[in-house]
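One structure is given below, encoded as structure tokens.
Heavy-atom basis, side chains included; hydrogens, waters and symmetry copies ignored. Quick caveat, the model's predicted, so the values are computed rather than measured.
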Amino acid sequence: METSVETIWAEFAGRLEQFIRRRIDDPQTADDILQDVFVKIHTRLDSVRDESKLPAWVFQITRNAITDHYRRAARADLPEADWVEPPADD
């Protein structure tokens with residue numbers, strides 16, 4: 001794939017920032033999520049085989065990062081005794 005992270009940043013950063021900020025009230029948290037999204041894009045870009053699917057892939061990573069943020073926040077509100085650990089993979 002010929003697309004670089006820099007190209008993706010130039011094309012998507014503004015739209016992703018707006019997308020995240022509509023869902024996250026705190027601007028610093030939104031910026032942190034945006035940075036996390038681009039770290040994931042950087043580490044997984046080689047898994048994209050069809051460049052026409054790049055926008056959907058980028059926005060799916062972003063949606064997942066936002067969901068993860070809210071899951072961590074909800075878990076932080078629970079007493080530690082109520083945390084449910086996922087089963088270990090055997």
Sequence neighbours left out, what passes ring-ring contact (aromatic ring centres under 6.0 Å, His included) with Phe12? Give chain and number order.
none
What is the distance from atom CD1 of Ile24 to atom NE2 of His69, rounded to the nearest 0.5 Å?
4.0 Å
Could you pull out all donor-acceptor pairs under 3.5 Å where a side-chain atom in residues 54-63 meets a protein atom, sequence neighbours excluded?
from	atom 1	to	atom 2	distance (Å)
Gln60	OE1	Arg63	NH2	2.9
Gln60	NE2	Asn64	OD1	3.0
Thr62	OG1	Val58	O	2.9

Taking all atoms of both residues into account, what is the closest heavy-atom pair of Thr7 and Ser4, and its distance?
OG1-OG, 3.0 Å
Could you measure the distance from the CZ atom of Arg23 to the CZ atom of Phe19? Nearest 0.5 Å is fine.
3.5 Å
Give the intermediate values and the outcome of side chain to side chain contact (heavy atoms under 4.5 Å, CB included) for residues Leu45 and Ile8.
CA-CA 10 Å; Leu45 186 57; Ile8 295 170; 3.5 Å; yes
Between Trp9 and Leu34, is the side chain to side chain contact (heavy atoms under 4.5 Å, CB included) condition met? List the steps.
CA-CA 10 Å; Trp9 177 265; Leu34 181 62; 4.1 Å; yes
Nearest non-hydrogen partners of Asp26 and Thr29, listed with the distance:
OD2-OG1, 2.5 Å
Under a 4.5 Å side-chain heavy-atom rule over Ile, Leu, Val, Met, Phe, Trp and Tyr, are Ile20 and Val5 clustered together?
yes
Rounded to the nearest 0.5 Å, the CD1 atom of Ile66 sits from the CG atom of Asp36 at a distance of 11.5 Å
Within residues 11-22 or reaching into it, pairs that qualify as salt bridge (Lys or Arg N to Asp or Glu O under 4.0 Å) - sequence neighbours excluded
Glu17-Arg21, Arg21-Asp31
